[in-house]
Amino acid sequence: MNAPLTPQSVQSFVPEVSVIVPSYNSVDVVAHCLRSLRNQITEFRYEVVVVDSSNDGTCDLITRDFPWVRLI
């Protein structure tokens, strides 16, 4: 099982798979999605990238609660 990434480990992490999550004003849906992705059990090293153009606080939530997610 992959351990969640911390801000310190992100710099040396080389993923095998990138999961891209598009987001626009969907703070609740994105939070649920990211919790599900965090709980995935897989043999692959993966990263989660959220591409967000919201104005509803989604970016703040991701930064605060999901520091292992790459936010664009």
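Nearest heavy-atom pair across Glu16 and Glu43 is OE1-O, 4.0 Å. Residues Ser26 and Thr58 share a closest heavy-atom pair of N-OG1, 3.9 Å.
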Next on the checklist: side-chain contact (heavy atoms from CB on, under 4.5 Å), that's the test. Do Val51 and Ser23 meet it? Break it down for me.
Outcome noted: CA-CA 6 Å; Val51 180; Ser23 170; over 6 Å; no
Checklist entry - So Phe66 and Val48, side-chain contact (heavy atoms from CB on, under 4.5 Å) or not? Walk me through it. => result CA-CA 10 Å; Phe66 303 97; Val48 177; over 6 Å; no
Item to check | Full working for side-chain contact (heavy atoms from CB on, under 4.5 Å) between Val50 and Ile72 | outcome: CA-CA 6 Å; Val50 175; Ile72 298 176; over 6 Å; no
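Contact of the Val69 side chain with the Leu34 side chain is registered, since non-hydrogen atoms from C-beta on lie closer than 4.5 Å. Two residues are said to be in side-chain contact when any heavy atoms from C-beta on lie closer than 4.5 Å; Ile20 and Ser18 meet this criterion. You'll find the side chain of Tyr24 reaches within 4.5 Å of the side chain of Ser53, heavy atoms only. Contact of the Val27 side chain with the Ser54 side chain is not registered, since no non-hydrogen atoms from C-beta on lie closer than 4.5 Å.
Here the side chain of Arg45 pairs no donor or acceptor atom with the backbone of Val17 at under 3.5 angstrom. With hydrogens and angles ignored, the 3.5 Å screen pairs no side-chain donor or acceptor of Asn55 with any backbone N or O of Asn25.
The side chain to side chain contact (heavy atoms under 4.5 Å, CB included) test with Val21 singles out one residue from Ile62, Asp52, Val29, Leu37, and that residue is Leu37.
Two different hydrophobic clusters hold Val49 and Trp68 under the rule that ILVMFWY side chains link at heavy-atom gaps under 4.5 Å.
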